[in-house]
Amino acid sequence: MFNQVFSPESVRLVDGAGLCSGRVEVKSNQSWASVCEADFDRQDAEVVCGELGCGAPAALQGGLYGEGEGQTWDKEFQCKGKESLLLDCDTSDRENNTCLPGNAVGLTCSEPDDVRLVGGGSRCAGGVERYHQGEWRIVGAGDWNLRDVAAVVCRQLGCGSIVSVLPGNTTRGFRVYCSGSESVLRECRRDYYLFPGLTVICSDLLVQPDISLTDSMGGVSRGHQGPEVFRGYSFTITCSTQPQYPGGSFLLTFTGSNRTQTQPAVNHSAAFLFPAADDSHQGNYSCVYDNYVFSHNFSSESELLSLTITASPLPAFIIRHVVVLLILLTAITTSYLYYKPTRRQKRVNRVSSMDLYVNAMEMVSLSSRAEAGPGEERAAQGTE
């Protein structure tokens, strides 16, 4: 057995869904050759998946991704599964020098979460690292390629676009070359020379804040379309975020209106109090968290909170009768506590109690007319 020497780009997967799936091909004399299924096993597949920066092998089968048009590789790989590169594996002559049609080996590797940003207090800011060969390694790039690499990193992490990118210290890792259009970093070319790492800050730096509704009077209920607040009741909208960076402020916006309120973030939250709910408070609210970090302004907006203002659950006539009963109870209690039970004073007490009752009924009548509206009030007077 002997070691076969390959060029740095010595293996690839073709005709698959991406870099991590396809027909296995190796480079031989500046041309690519398919590998026969009989010459390739799972340990070989583990090395190929690792070299390409992909996850563990998920499927290995002959003819899975069709037949190659070129030649067939004439050696048998004998990897142990721990090698860093396919070129590090031993090979041997194939016992049977033929590979039947349909036996070109196809390989599917799992898609790894293989890129991260560290040291920036956010998953969208920090030094770039890539998981490769069982460990996290610092990624470097040349000055001319910094922004292209950073664009790919922000895109792969779902962190928006680049805000800034700076070179780091020279360290052991690997250098990558990106055009800037790649969807993931493993699609970029790479080598293993020492090169400065890079620190990337992406636009979606801040996590999405939360928005919630609370009350202290029991005036909030849960309706079919979201929370409901009874008219006249107080309520509070609270904006909060994870303890990511100190400081910052919250802007409470009201959809369909220019009305906004701003408060500083205290312990990563802010409370906006509304003393009495009315119909003008009905609509959609959102919290916008703003902070100035890394010499840039960043913001993040919460989901919408749809708020409905509704009438009290108790009918108006019940409320009026409860008020009358309370007034009468107060009148009776007052009569017995503050007047002596003489005949004359008893008569005065009865008169006083009657006056209080008449006054209470007049208050109820006035309240009813105010709620009924002008038309109904005139109709009531005509009936009288």
Side-chain angles (χ1 to χ4, degrees), residues 8-9 11-13 16-22 48-56 84-85 109-209 241-242 244-245 289 291-301:
E9 292 182 344
V11 62
R12 67 182 184 182
L13 301 178
L19 180 68
C20 293
S21 65
V48 171
C49 290
E51 181 174 351
L52 295 176
C54 304
S84 298
L85 304 171
C109 309
S110 60
E111 297 285 341
D113 186 11
D114 61 348
V115 172
R116 68 182 184 184
L117 297 176
V118 297
S122 166
R123 61 177 296 273
C124 295
V128 182
E129 291 187 352
R130 181 169 175 232
Y131 193 75
H132 186 69
Q133 299 296 331
E135 63 179 341
W136 287 97
R137 297 186 179 185
I138 295 175
V139 173
D143 291 341
W144 57 272
N145 200 223
L146 285 176
R147 293 196 66 82
D148 291 331
V149 174
V152 176
V153 170
C154 291
R155 184 180 302 120
Q156 179 174 350
L157 293 175
C159 289
S161 57
I162 309 170
V163 173
S164 68
V165 54
L166 297 171
N169 298 323
T170 301
T171 185
R172 183 181 181 184
F174 51 82
R175 177 175 59 178
V176 295
Y177 306 87
C178 300
S179 67
S181 61
E182 295 88 350
S183 58
V184 292
L185 195 64
R186 60 179 173 272
E187 293 178 358
C188 302
R189 293 175 53 210
R190 66 183 184 277
D191 59 37
Y192 295 90
Y193 295 103
L194 295 180
F195 229 74
L198 64 156
T199 298
V200 175
I201 299 173
C202 306
S203 59
D204 294 348
L205 178 75
L206 303 177
V207 298
Q208 187 180 36
T241 187
Q242 296 179 15
Q244 190 177 6
Y245 300 103
Y289 178 55
N291 208 341
Y292 183 79
V293 289
F294 298 115
S295 303
H296 291 84
N297 289 308
F298 294 90
S299 66
S300 181
E301 187 171 2

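In terms of the side-chain contact (heavy atoms from CB on, under 4.5 Å) criterion, residue partners of C20 (sequence neighbours excluded) are, by chain and number, C54, C109, E111, R186. With sequence neighbours excluded, the residues satisfying side-chain contact (heavy atoms from CB on, under 4.5 Å) with S161 are S203. Partners of D143 by side-chain contact (heavy atoms from CB on, under 4.5 Å), not counting sequence neighbours, listed by chain and number: L146, P167. Contacts of R12 classified as salt bridge (Lys or Arg N to Asp or Glu O under 4.0 Å), with partners at least two apart in sequence or in another chain: E25. For Y292, the side-chain contact (heavy atoms from CB on, under 4.5 Å) criterion is met by S295, N297, not counting sequence neighbours. Not a single salt bridge (Lys or Arg N to Asp or Glu O under 4.0 Å) links R147 to another residue, sequence neighbours left out.
What you find for A56 and C49 is that their closest heavy atoms are C-SG, 4.4 Å. Considering every non-hydrogen atom in both Y245 and A125, the closest pair reads OH-CB, 4.5 Å. Taking every heavy atom of both residues into account, A150 and V200 meet most closely at CB-CG2, 3.7 Å.
From S181, atom OG reaches atom CD of E187 across 8.5 Å, with rounding to the nearest 0.5 Å. Atoms CZ and CD, from F298 and Q244 in turn, are 10.0 Å apart once rounded to the nearest 0.5 Å. Here the CZ-CG distance, from R123 to D204, works out to 9.0 Å after rounding to the nearest 0.5 Å. Summarising the geometry, atom CD belonging to E301 is positioned 12.5 Å from atom CG belonging to L206; distances are rounded to the nearest 0.5 Å. For the atom pair R155 CZ and E182 CD, the distance stands at 8.0 Å (nearest 0.5 Å).
A 4.5 Å side-chain heavy-atom check between C202 and L117 finds at least one atom pair inside the cut-off. A 4.5 Å side-chain heavy-atom check between W136 and V118 finds every atom pair outside the cut-off. Counting only heavy atoms from C-beta outward, the side chains of L52 and L13 approach each other to under 4.5 Å. In this structure the side chain of D114 reaches within 4.5 angstrom of the side chain of Q156, judged on heavy atoms.
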Assess the residue pair H296 and I201 against the criterion (side-chain contact (heavy atoms from CB on, under 4.5 Å)); give the C-alpha distance rounded to whole Å, side-chain angles, the decisive distance to 0.1 Å, and a yes or no. CA-CA 10 Å; H296 291 84; I201 299 173; 5.5 Å; no
Under the criterion side-chain contact (heavy atoms from CB on, under 4.5 Å), I'd like the reasoning laid out for L205 against F294: C-alpha separation, chi angles, the key distance, then a yes or no. CA-CA 10 Å; L205 178 75; F294 298 115; 4.0 Å; yes
Test L185 against V149 for side-chain contact (heavy atoms from CB on, under 4.5 Å), laying out the working first. CA-CA 8 Å; L185 195 64; V149 174; 4.1 Å; yes
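As summarised for C159 and C124, their two SG atoms come within a distance smaller than 2.5 angstrom, satisfying the threshold. If you check the gamma sulfurs of C178 and C188, they are less than 2.5 Å from each other.
When the shell of 6.0 Å around CD of Q208 is examined, it contains more than 12 heavy atoms from other residues, nucleotides or ligands.
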